[in-house]
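A note on names: the letters A, B, ... follow the listed sequences, proteins ahead of strands, and every chain is numbered from 1.
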Number of protein chains: 2
Amino acid sequence: MIKDKFADAVTAPPPDDGEADIGAIKDILGFHIRLAHGACLRHFTETFTDLDLTQKQVSVLWLVDDHPGIAQTDLAQRLRMDRATTMAIINRLQAKHFLRRDRSDKDGRKQALFLEEPGKAMLARAKTAIGEHEAWVKSRFSDKEVRQLIDLLSRIHE
Amino acid sequence: MIKDKFADAVTAPPPDDGEADIGAIKDILGFHIRLAHGACLRHFTETFTDLDLTQKQVSVLWLVDDHPGIAQTDLAQRLRMDRATTMAIINRLQAKHFLRRDRSDKDGRKQALFLEEPGKAMLARAKTAIGEHEAWVKSRFSDKEVRQLIDLLSRIHE
DNA sequence: GTGGATTGTAAGTGTTGCTAACGAATAGGC
DNA sequence: GCCTATTCGTTAGCAACACTTACAATCCAC
């Protein structure tokens, strides 16, 4: 099984320990964050194959729904993305008619984003799928541990 | 400040709560994992601009050092990567003369991977940089919290 | 030996992140 | 009001990864 081999990777001690080493790879916090994220992303992608949406795309739909008329820059800052990267995502979502850009009245430079009907419908389906996905992630934790984990992770992304 | 805007994104309640909603985006564990990973990756990339190495590349160097003669498939399984993806990474590292491929004696299909001298030197520098990076991540936690976090994350990637 | 599985490789696609540059619009100092 | 600096959206290009399919070489079981 892949799982066993992997556990081995995190468990296996280095063959030599003579030199000044900063420790085994399994003690590197960043390593665990990366792997946990990878596992999460993998399951997310599986869950969303039918809907054909990525994590980023769902996050954008969700935030536009929560903040109708939000500008792209605002969105980028909230999701810690580049302006250019945000563009690419918005383009894909717009091509699917999930949202539209309206020139902002107050600031001619900005594009106000609004969900279109297909986008709202898709977001509703996406939220259900996220529910399943979350259940999968949370299945290995107690409620208290989930709160703990969110608290600890929040401190990393501030 | 970006930080404030971002905190707002995680904190701001949705304007309407009438329909059957699965909760605010800030309660989605996957969302926090993604953001924490992003923050981590960003800092890692900054720390490693001089060395011109990515997280994956460092992981590969580290594992090849820990397991001299390891095969690419083995590496891929340990890091949860695709065979093809592993190829690309090994190619880049080989182009920099950080490691070499030797046809395995025991199995003619396999390529045994070994660090070259430049690779060993680079790994030593990388481990120092990882030390700094880890210090940055861990600065916001107590030792106990670090252990907790690693334990919780480990349960996600098994 | 033959057939099936494994391993590395190659080629192609898609998503995401970055940079640099540009025009359009705004905001602030004067 | 006017000029300058900044912001916003946009385009283009580059790099890293993850995925797929296909293929040749090798190994193993029978």
A/Q55 side-chain N/O to C/dT16 phosphate OP1/OP2 under 4.0 Å: no
Look at the side chain of B/M87 and decide which nucleotide, out of D/dT10, C/dC18, C/dT9, has an atom nearest to it. C/dT9
Give a yes/no on whether any side-chain N or O of A/Q72 is located under 4.0 angstrom from OP1 or OP2 of D/dT7. no
Under a 3.5 Å cutoff, is there a donor and acceptor pairing between the side chains of A/R100 and A/Q94? no
Can you list the steps and then say if B/D143 with B/R147 is a salt bridge (Lys or Arg N to Asp or Glu O under 4.0 Å)? CA-CA 6 Å; B/D143 287 355; B/R147 279 190 308 264; 5.6 Å; no
In whole Å, what is the span from the NE2 atom of B/H37 to the P atom of C/dT16? 14 Å
Atom CD1 of A/I89 and atom P of D/dT10: how far apart are they, to the nearest Å? 14 Å
Below the 4.0 Å mark, does C/dT7 have OP1 or OP2 next to a side-chain nitrogen or oxygen of B/R103? no
Where the side chain of B/Q57 is defined as all heavy atoms beyond and including C-beta, which of C/dA10, D/dC17, D/dG9 is the nearest nucleotide? D/dC17
OP1 or OP2 of D/dA15 versus the side-chain N and O atoms of B/T54: is any pair under 4.0 Å? no
Of A/G108 and A/K56, the one whose closest DNA chain C nucleotide lies more 5': A/K56
Name the nucleic acid region contacted by B/T85, choosing base, sugar-phosphate or nothing; use a 4.0 angstrom heavy-atom cut-off, strictly under. base
Using a strict 4.0 Å threshold on nitrogen-to-oxygen distance, state whether A/K138 and A/E145 make a salt bridge. no
Mapping A/R101 and A/R34 to their closest nucleotides on DNA chain D, which lands nearer the 5' end? A/R101
If I take atom CD in residue A/Q94 and atom C1' in nucleotide D/dT11, what distance separates them, rounded to the nearest angstrom? 15 Å
What's the closest nucleotide to the A/T73 side chain, out of D/dC8, C/dT16, D/dC19? D/dC8
Write down the distance between CD1 (A/I90) and P (D/dC8), rounded to a whole number of angstrom. 15 Å
C/dC18 P sits how many Å from A/R80 CZ, rounded? 11 Å
Name the nucleic acid region contacted by A/A71, choosing base, sugar-phosphate or nothing; use a 4.0 angstrom heavy-atom cut-off, strictly under. sugar-phosphate
Look up atom OG1 in A/T86 and atom CE in A/M81, then write down how far apart they are to the nearest 0.5 Å. 3.5 Å
Check: D/dG9 base within 3.5 Å donor-acceptor of A/R83 side chain: yes
Given D/dC17, C/dG8, D/dA12, identify the nucleotide with an atom nearest to the side chain of B/K110. C/dG8
Does a donor on one side chain sit under 3.5 Å from an acceptor on the other, for A/R83 and A/Q72? no
Mind calculating the distance between CZ (B/R100) and P (C/dG8) to the nearest angstrom? 16 Å
For atom CG of A/D82 and atom P of D/dT10, their distance in whole Å: 14 Å
Any base atoms under 4.0 Å from B/L41, or only sugar-phosphate, or nothing? Heavy atoms, all strands. nothing
Flag the pair A/K96 and A/D52 as a salt bridge only when some basic side-chain nitrogen lies within less than 4.0 angstrom of an acidic carboxylate oxygen. yes
Specify the separation, in whole Å, of atom NZ of B/K96 and atom P of D/dA15. 12 Å
Once you apply a heavy-atom cut-off of 4.0 Å, does A/D107 come out as touching a base, just sugar-phosphate, or nothing? sugar-phosphate
Testing D/dC27, C/dT19, D/dT6 for proximity to the side chain of B/R109, the answer is D/dC27
